[in-house]
*Asks:* 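I am attaching a structure below and will ask some questions about it afterwards.
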Amino acid sequence: MKNLGIMVDCSRDACYKPDAVEKFTDIVAKMGYNMLMLYTEDTYSLEGEPYFGYMRGRYTNDEWKRMDAYAKSRGVELVPCIQTLAHLSAVTRWQTYGETCVDDHDILLVDQPETYALIEKMFAWAAECFTSRRIHIGMDEAYSVGLGRYLDLHGYRPRFEILRNHLRHIGKIAARYGFTCILWSDMFVKTANGGKYYPETFEMTPEIINAVPPEMQLVYWDYDHTERAHYEKMLDGHARFHNEIWFSGAVWSCLGFTPHNDFSSKAATQSIAACRNKGIENVLVTSWKDDGAESSLFSVLPSLAFVSACARGEGTKEHAAEIFSAATGERYEDFLLADLPDWVDGEPKLNNPVKYGLYNDPFLGLLDYHVNENRGVFFADAAEKLQARAQNGAFGYLFDTLAKACAVMEYKYDLGIRTRKAYRARNMEELRLLAETIYPETARRVENLYNAFRTQWEKECKHNGFEVHDIRLGGLIRRLTHCGELLSDFVAGKIDTIHPLEEDTLPFVKDKERGEGLLYSIWTNTAMTKPWN
């Protein structure tokens, strides 16, 4: 395999400190990785663009040069990883860009001089700060490209034409700086397959195939399948392009505080086997941090070791454990305890009950339909095991965060169900216990979680981004306190109704059985009834 790389998300609230990036680089280099990308939508500095990365913890050019030199000294190529079309909401929110180069929401305006002036600055930054002359330009998930301001200016044009024109502009800029571009494939595959990225029958047209300049490299991303035949079919479909093909899987780190090393490893077993069978020589593993970056940068090290083992053709836990131990000095099986909190529903799945259970409002109960009652014993036991692990090793702090999360969940997980049941039965003794003991204790435990998580964040991340968690966890503490006060008022006869508890809870996701867990991690939609616009 020519390239085994990792892409770490540095745009979803967390910007990892250069010290943490260098520590991470040391470890993954020992695991056999030779490429690292820090995914940066706007968290870098552009000359003459004060609003680009404003208040987002953006890296300075000196920090980039330092990280680049350090990676190079460890045999790792640090590759710039940016966005040149979509996923730029942190930039397009500012009026200075909205007036000139925004098509729709987070999408840049194609065929606009101001857009390419901005992208030119991106390439100039990359050329100054990186020794690599590869650059990942993103280009994914721009589904409404051409349907906003572009439509007003140019009228309707087929998506592939817009993408083709945009890539030609970018290709010219890249050539001036000597860069080879890497980009995601989904926009082209979906255009040819009725909006589906994983179609049953993979279709492509010459027009769409030719829309991608042959000197650019395409990345097929696929994170949650566990069938080798699926990956092989998709790789066969991608082989129709005239481009060098990369594969990108994931180590799941975007579903809350808990990583999902077990599932990531299961998926890697099949995807890497398919890559080896189909002659794919470039593999990129993503570590996304959507909706808050709660999980530690280092929490996915076991699955990164497992991917490395698979890439060598020895995809077993035993070989992964050897790679992991040699790189970290830690025990593989001990580190896998980080997965434990989300196993509350039994066999490990790609569900994240701790994230949605934590923020699920106890009176609204928007996720209560998918929560099983009486799981406190599980979380108490998990907290004890994780707290014991937190006493040992360089990464004890991340286990402390997870232990504190489980301590919260011992009371919080089914708190809404328990509350609604007692309220409907007018069980005043239970309601008094909830109001005077359970709600205050849960709030106290959330405070403990906050303190542990703050310690984790400050070890790994710049201070920017933590305001999100001040608001979320601080808001949760205040909400628990308020709900407890309302229950006290009800028991005391000061109020005769608690309006949200009068309503029955409904399934959050259709076609799910009561108590069946979910994969859902959008805080706004679990904590309140009206999502923020």
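Hydrogens, waters and symmetry mates play no part in the numbers below; they use all other heavy atoms, side chains included.
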*Asks:* Do Asp19 and Arg66 meet the salt-bridge criterion of a basic N to acidic O distance under 4.0 Å?
*Replies:*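 A salt bridge links Arg66 with Asp19.
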*Asks:* Report yes or no: does Asn3 contribute a side-chain atom to a donor-acceptor pair with the main-chain N or O of Asn282 at less than 3.5 Å?
*Replies:*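 Such a contact is absent between Asn3 side chain and Asn282 backbone.
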*Asks:* Quick one: sort the Phe179 and Phe123 rings into parallel, tilted or perpendicular, breaks at 30° and 60°.
*Replies:*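 Because their plane-to-plane angle is over 60°, the rings of Phe179 and Phe123 count as perpendicular.
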*Asks:* For atom NZ of Lys121, decide whether the heavy atoms of other residues, nucleotides or ligands shown that lie under 6.0 angstrom number more than 12.
*Replies:*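 Yes, the 6.0 Å shell around NZ holds more than 12 heavy atoms from other groups.
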*Asks:* Taking 4.0 angstrom as the limit, do Lys30 and Asp26 come out as a salt bridge?
*Replies:*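 Judged by the 4.0 Å cut-off on N to carboxylate O distance, Lys30 and Asp26 do not form a salt bridge.
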*Asks:* Please confirm whether Lys459 makes a cation-pi placement over Tyr397, using NZ or CZ under 6.0 Å from the six-membered ring centre and within 45° of the ring normal.
*Replies:*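 Yes.
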*Asks:* Pair Phe202, His238 - check ring-ring contact (aromatic ring centres under 6.0 Å, His included), show working.
*Replies:* CA-CA 9 Å; Phe202 197 104; His238 278 78; 5.5 Å; yes
*Asks:* With under 30° as parallel and over 60° as perpendicular, where do the rings of Phe188 and Phe241 fit, or are they tilted in between?
*Replies:*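 Aromatic pair Phe188/Phe241 classed perpendicular.
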*Asks:* What do the steps show when you test Tyr150 against Arg157 for side-chain contact (heavy atoms from CB on, under 4.5 Å), and what is the final call?
*Replies:* CA-CA 9 Å; Tyr150 184 96; Arg157 292 183 184 174; 3.2 Å; yes
*Asks:* In terms of relative ring orientation, are Tyr44 and Trp125 parallel, tilted or perpendicular, with 30° and 60° separating the classes?
*Replies:*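 Parallel: the ring planes of Tyr44 and Trp125 meet at under 30°.
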*Asks:* Are any side-chain N or O atoms of Thr84 and backbone N or O atoms of Ile137, one a donor and one an acceptor, separated by less than 3.5 Å?
*Replies:*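 Answer holds: yes.
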*Asks:* Should the ring pair Tyr197 and Trp221 be called parallel, tilted or perpendicular, given that the plane angle runs from 0 to 90° and is split at 30 and 60?
*Replies:*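 Plane angle between 30° and 60°, so tilted.
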*Asks:* Could you label the plane-to-plane angle of the Phe453 and Trp457 rings as parallel, tilted or perpendicular, counting under 30° as parallel and over 60° as perpendicular?
*Replies:*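 Aromatic pair Phe453/Trp457 classed perpendicular.
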*Asks:* Between Tyr231 and Tyr220, what is the ring plane arrangement, given parallel below 30°, perpendicular above 60°, and tilted in between?
*Replies:*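 Taking Tyr220 first and then Tyr231, their aromatic rings sit tilted (interplane angle of 30° to 60°).
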*Asks:* Quick one: does any side-chain atom of Asp400 pair with a main-chain N or O of Ala390 as donor and acceptor, under 3.5 Å?
*Replies:*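 Flag not set: sc Asp400 to bb Ala390 has no pair under 3.5 Å.
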*Asks:* Within a reach of under 6.0 Å around NZ of Lys72, are more than 12 heavy atoms found that belong to other residues, nucleotides or ligands?
*Replies:*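 Not more than 12 within 6.0 Å, no.
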*Asks:* Determine the interplanar angle of the Tyr520 and Phe508 rings, folded into 0 to 90°, and report it as parallel if under 30°, tilted if 30 to 60°, perpendicular if over 60°.
*Replies:*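 Aromatic pair Tyr520/Phe508 classed perpendicular.
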